[in-house]
Amino acid sequence: MNNKDNKPFFKIAWFWISLSSILIAIICLIITTVNTSKSAVLNKKTSSMSQSYSKAMSFNRDFEKYLDKNVPNYSSYVSDAVDSVLNKTKNDYSDDDENANDTASSSSEELSYSFGKAVSFNNESDDTNIDVTIVSAGIDENYSSQLNNPPTGIKPMVVTIKMKNTGSSAYEFNPQEFNAYDSEGNTLNFDSGTYNNTMPSSVNVGQTVSIKIFFDAKNDGPFSVTFADGTWK
């Protein structure tokens, strides 16, 4: 008997191979069709947007030409309007700069004092409250020997300070919290010979102290002295 040649078709290997190939081909065809359709829709939208944009630009150009042709001195009006906007912006910036300068000047004037003027300073975080007076600042040759190895040509610039503690806690005194400047705005060097004077480490509540601080100067001034945000001249 020749039973081998009479196998059912679904048990033959080439049948399943052929069927699989056909199914794969159908799936690929469906995917390609879907992608092509999406791409066509996207291209149509992009084309529509481009056309709309082009139409808007074309309308603007046509309208501009119409105004230029039918409105007398249209170009001049446009130019004047642009100049007006630019000038207004420039003036606004100038006004802002002037106001800022005025504010800075007034702030500077409010914090500038004459020698001998007592000024109050406070720190709310530690209840510090002190009155500081820069009594004087000038060259005093009598203190030349107290400078610490000064270079040739250096003169002793002596700052006399009065400080009163009006707060509720002791104030830790540091002479280097004071800075001095010559007439050209140059910072003068703090001279460590200052520590040869009687120098308090702190100012107790209710206490008033008078201190002299030495700086190295190259000219005769006038000088200015600063402490915190105050300046004495």
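Small disclaimer: the values here were computed from a predicted structure and weren't measured.
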CG of Asn219 to CD1 of Ile139: how many Å apart, nearest 0.5 Å? 7.0 Å
Determine the interplanar angle of the Phe173 and Phe178 rings, folded into 0 to 90°, and report it as parallel if under 30°, tilted if 30 to 60°, perpendicular if over 60°. tilted
Between Phe214 and Pro156, is any pair of side-chain heavy atoms under 4.5 Å apart? no
Over 60° means perpendicular and under 30° means parallel, so classify the ring planes of Trp232 and Tyr113, tilted if in between. tilted
Least distance between heavy atoms, Val209 atom then Gln207 atom: CG1-NE2, 3.6 Å
To the nearest 0.5 Å, how far apart are CG in Asn186 and CG in Asn189? 12.5 Å
Looking only at heavy atoms, which two atoms of Gly167 and Val205 are closest? And how far apart? O-CG1, 3.2 Å
If we ignore hydrogens and angles and just use 3.5 Å, is the side chain of Asp191 paired with the main-chain N or O of Asn148 as donor and acceptor? yes
Co-membership, hydrophobic cluster, residues Val158 and Val132, 4.5 Å side-chain: no
I'd like to know if the side chain of Thr166 reaches the main chain of Asn129, judged simply by a donor and an acceptor atom lying under 3.5 Å from each other, with no hydrogens or angles considered. yes
Ring centers of Phe223, Phe215 separated by less than 6.0 Å: no
Name the orientation class of the two ring planes belonging to Tyr195 and Phe190 (parallel below 30°, tilted from 30 to 60°, perpendicular beyond 60°). perpendicular
Just by distance, do the side chain of Asn197 and the backbone of Met199 share a donor-acceptor pair under 3.5 Å? no
Between the OG atom in Ser169 and the CG atom in Asn204, the distance rounded to the nearest 0.5 Å is 10.5 Å
Closest approach of Thr208 to Lys164 (non-hydrogen atoms, all atoms of both residues): OG1-CG, 3.2 Å
For the CE atom of Met157 and the CG atom of Leu147, what is their distance to the nearest 0.5 Å? 11.0 Å
For Phe115 and Lys233, the nearest pair of non-hydrogen atoms, with its separation, is CE1-C, 3.1 Å
Kindly give the heavy-atom pair with the smallest separation between Ile211 and Pro200, and that separation in Å. CG1-CD, 4.2 Å
Under a 4.5 Å side-chain heavy-atom rule over Ile, Leu, Val, Met, Phe, Trp and Tyr, are Phe121 and Met163 clustered together? yes
Under a 4.5 Å cut-off applied to non-hydrogen side-chain atoms, are Thr226 and Thr231 in contact? yes
In terms of heavy-atom contacts, Asn165 and Ala170 come closest through ND2-CA, 3.7 Å
Sequence neighbours excluded, the answer for side chain to side chain donor-acceptor pair (under 3.5 Å) partners of Asn142 is Asp140
Nearest 0.5 Å, please: how far is OG in Ser112 from NZ in Lys117? 12.0 Å
Under 4.5 Å between side-chain heavy atoms, counting indirect links through other Ile/Leu/Val/Met/Phe/Trp/Tyr residues: same cluster for Val225 and Leu188 or not? yes
Residues in salt bridge (charged side-chain N to carboxylate O under 4.0 Å, His left out) with Asp131, at least two apart? none
If you measure from the Lys or Arg side-chain nitrogens to the Asp or Glu carboxylate oxygens, is any gap between Asp220 and Lys155 under 4.0 Å? yes
Could you check whether any side-chain heavy atom of Ile154 comes within less than 4.5 Å of a side-chain heavy atom of Lys218, counting everything from C-beta outward? yes
Any chance you could measure Ile213, atom CD1, to Asn179, atom CG, to the nearest 0.5 Å? 9.5 Å
With sequence neighbours excluded, what pairs up with Glu177 under the side chain to side chain donor-acceptor pair (under 3.5 Å) test? Tyr171
